[in-house]
Structures are given as C-alpha cells and as structure tokens.
Amino acid sequence: MGAFWHISIIVFILLSGESNANPAAPRQSQFDVNHRKPLQTFRPYNIAHRGSNGEIPEETTPAYLRAIEEGADFIESDILATKDGHLICFHDVTLDATTDIANRTEFSNRKRTYEVERQNMTGWFVVDFTLRELKSLRVKQRYNFRDQQYNGKYQIITFDEYILIALYANRVVGIYPELKNPIFINQHIKWSDGKKFEDKFVETLLKYGYKGEYMSEDWLNQPLFIQSFAPSSLIYMSNMTNSPKVFLIDDTTVRTQDTNQSYYEITSDGYLAFIRKYVVGIGPWKDTVVPPINNYLGPPTDLVARAHALNLQVSNLL
C-alpha cells in the first residue's frame, strides 16, 4: 500500500484545483525521466488494461495507481473527446454502463440515439457533455461481480491527468492509449482550429515529450504504444509521430469502423504486409488467437505465427 499512497499524494498535489480543466503541461524538468528504474524490455510487457479495474472502477486515477503499485509496465486507456473538445479517458461512447448518469435528473433530457459503427445506439453520449459536466459524474464498476465498494467515489479523468500519473511514477511506466471511435468523434466534435481528433491526440502526446521509434532512447525514457481499431487513423497519425502504433483487430464478425473491411481481409498476409509499414504490431481479440469451441479452448489459429513472420509484435489484451 505504501507505493500506492505515495503516488496518490503526488498526483493529488499535481491535480488539485484542476478538476474541470486540463492541467497545463509541466516543464520537462518537473519530472526526471532519465534517472528512474528503467522499463524491462527483455520479457513480454505487462499491460494494465484500463488500470486495475477488477478492484477499482476502470480508467480512474486510483485504478492506474493500483496497477503501477502491482507492477504494470504500461497503463492502458481509451481516449474520447468531450463536447467542448477536451480529451478524456473513457471506454464507451455512452456514459450508461460505468457512471451514475441515469440517476442525475439534471441530465435526463440528454439521452440520444446515434449511429455508431453502422448500428443505432441509445444512451447518454460523451460527446453531448462538457468536461465540467462529465467531471460532476461519479464512476462505478462495469460488472456486478466486481468489487462495488469504490462505486461513486471517483470521477472521469482527462488524457493529461492520465499521462501525469505515468510520468510521476517512481519508475518508468509506459502509456498505452487507444484512439477510440475516431470516426464517431470526428463526426460530432469540431475543433475551432479545424483540426481532427487524431491531431489533438498526437499534439497532447508531443506536449509531454512522447516521441521516438520503438526502443529508441526517447522511447525508453517515456514508453508509448498508440493503438486503434481504425487503420486510416493509424496511417494518418504516422505522418505526425514516429511513436510505435498497434493495429487492434476485433472479433471475426466485426468489420473495421472506417474502411469497412472484414476480419479476413485485414488479417490476410497481404494486408498485414501493408499495415506493417505503419505499425509495429497487432492487437487481436483473444478469440481470434485461441477460439472457444463449446466453452472449451480450441486449437490456436495461425494469426500470431503469421504476424511474427512479418516481424509484427502481438499484444493480446484479455
């Protein structure tokens, strides 16, 4: 618990008074990226998917602090955008499953129906709320079988706040942000400078010094993998940053949200050879690696072997 509370105090001091706005980027000298215990690169990385969310509600400051205390090499998050253009850490485009929005009568008239990835979805959407409004909500566990004691205690955090948690850790901790639903976000959020979600995402990373190819000195000091299910976004961002990128691959029944390609198209040898020009690896859904058969694990597919043959890493977020 000692490390958890030590980091908690630091982050609280950094972020106090900033609950309704993104904290200003600190000078590089405010955190020592060159003299912390380095990332171990000789073994597979331990990626804390949405933080330690089995215990603490996902993508919150305490969930990430706990993950760091428990030894995570990388903390993973999904990035969305608010109505007023701030980037936040949140998985769903709707607030229904993991916040107290349904109990907030002042927002009862905000429920909407939008098309998301070619399907109509109804709920309270992140894109219809300002950062200040989202900060007034409290988060809860996604599943009833998880620990419920922390429900209602924590708030949604910004992309900046998430980055600072990693940078102020007492060892090198990487970040693993996912550009979430970029097609939907770019349809609903328009920035005054005419830039896109992808531009704002990369600008935030560069603001905090995240740069460099995989295993470069810059990368080792501030490790980063950028991930997305949208190949066009990954290709677009490759013109703005050389930081390593991971192409996420969904279930076999799901087509890509931007190019409408099937699973079998994007996992063909030809397409993997194409996308490797822009990414260092793939992140396939676990059932595409070891498919279940009658509630048992079936024989593994050849996807991992084919990816490795093309020198692509494979990251499997369970």
List the steps, then state whether side-chain contact (heavy atoms from CB on, under 4.5 Å) holds for Glu115 with Met121.
-> CA-CA 6 Å; Glu115 182 180 322; Met121 182 182 295; over 6 Å; no
Do we get Arg110 above Phe129's six-membered ring, with its NZ or CZ under 6.0 Å from the centre and within 45° of the axis?
-> yes
Heavy-atom closest pair, residues [X] and [Y]:
X: Gly85; Y: Ile189; result: CA-CG2, 4.2 Å
X: Thr267; Y: Leu272; result: O-CD1, 3.7 Å
X: Arg171; Y: Ile68; result: NH2-O, 2.7 Å
X: Ala166; Y: Val173; result: CB-O, 3.7 Å
X: Glu58; Y: Thr98; result: OE2-CG2, 4.0 Å
X: Leu95; Y: Leu137; result: CD1-CD1, 3.9 Å

Is the shortest heavy-atom distance from the side chain of [X] to the side chain of [Y] under 4.5 Å?
X: Phe274; Y: Ile235; result: yes
X: Ile88; Y: Thr82; result: yes
X: His188; Y: Lys83; result: no
X: Thr158; Y: His86; result: no
X: Leu80; Y: Val93; result: yes
X: Ile266; Y: Pro231; result: no
X: Phe125; Y: Val116; result: yes
X: Phe74; Y: Ile175; result: no

Is it true that [Y] and [X] share a donor-acceptor pair across their side chains at a distance under 3.5 Å?
X: Tyr114; Y: Asp128; value: yes
X: Glu178; Y: Ser228; value: no
X: Asn186; Y: Glu198; value: yes
X: Arg104; Y: Ser136; value: yes
X: Ser216; Y: Asp218; value: no

In this structure, are over 12 heavy atoms from other groups packed under 6.0 Å from [X] atom [atom1]?
X: Glu213; atom1: CD; value: no
X: Gln119; atom1: CD; value: no
X: Asn109; atom1: CG; value: yes

Determine, for [X] against [Y], whether the closest basic-nitrogen to carboxylate-oxygen distance falls under 4.0 angstrom.
X: Arg50; Y: Glu76; answer: no
X: Asp100; Y: Lys140; answer: no
X: Lys180; Y: Asp92; answer: no
X: Glu55; Y: Arg146; answer: no
X: Asp160; Y: Lys207; answer: yes
X: Arg43; Y: Asp73; answer: yes

Across all chains, not counting sequence neighbours, the ring-ring contact (aromatic ring centres under 6.0 Å, His included) partners of Tyr214 are Trp219, Phe225
So, does Thr288 use its side chain to make a donor-acceptor pair with the main chain of Pro284 at under 3.5 Å?
-> no
Partner of Tyr64 by ring-ring contact (aromatic ring centres under 6.0 Å, His included), out of Tyr168, Tyr162, Tyr154 | Tyr162
ILVMFWY cluster, [X] and [Y] together (side-chain gap under 4.5 Å):
X: Met215; Y: Ile47; value: yes
X: Ile293; Y: Val290; value: no
X: Tyr263; Y: Val254; value: no
X: Met237; Y: Ile183; value: no
X: Val127; Y: Phe159; value: yes

I need the [X] [atom1] to [Y] [atom2] distance, nearest 0.5 Å.
X: His49; Y: Asp78; atom1: NE2; atom2: CG; result: 6.0 Å
X: Leu164; Y: Thr61; atom1: CG; atom2: OG1; result: 9.5 Å
X: Leu39; Y: Gln222; atom1: CG; atom2: CD; result: 12.5 Å
X: Thr256; Y: Asp258; atom1: OG1; atom2: CG; result: 5.0 Å
X: Glu59; Y: Ile75; atom1: CD; atom2: CD1; result: 10.5 Å
X: Glu133; Y: Glu106; atom1: CD; atom2: CD; result: 9.0 Å

Please state whether the rings of Phe145 and Tyr143 are parallel, tilted or perpendicular, taking 30° and 60° as the class boundaries.
-> parallel
side-chain contact (heavy atoms from CB on, under 4.5 Å) with Gln227: which of Leu248, Leu179, Leu234?
-> Leu248
Go through the steps to decide whether Thr41 and Leu220 satisfy the test side-chain contact (heavy atoms from CB on, under 4.5 Å), and finish with yes or no.
-> CA-CA 9 Å; Thr41 59; Leu220 289 169; 3.9 Å; yes
Please step through side chain to side chain donor-acceptor pair (under 3.5 Å) for the pair Asn181 and Glu117, ending with a clear verdict.
-> CA-CA 8 Å; Asn181 292 95; Glu117 296 186 41; 2.9 Å; yes
Does the pair Ile156 and Phe90 meet the rule for a side-chain contact (heavy atoms from CB on, under 4.5 Å), with working shown?
-> CA-CA 7 Å; Ile156 294 169; Phe90 204 75; 3.9 Å; yes
Quick one: name the residues clustered hydrophobically with Tyr296, using the 4.5 Å side-chain heavy-atom rule over I, L, V, M, F, W, Y, and just say none if it's on its own.
-> none
Residues Val172, Asn221; criterion side-chain contact (heavy atoms from CB on, under 4.5 Å); working and verdict | CA-CA 7 Å; Val172 173; Asn221 284 332; over 6 Å; no
Dump the intermediate steps for ring pair (Phe, Tyr, Trp, His ring centres under 6.0 Å) on Tyr45 and Tyr176, then the final yes or no.
-> CA-CA 11 Å; Tyr45 301 129; Tyr176 211 101; 8.7 Å; no
Taking only residues at least two apart or on different chains, which pairs with a member in residues 232-253 satisfy ring-ring contact (aromatic ring centres under 6.0 Å, His included)?
-> none
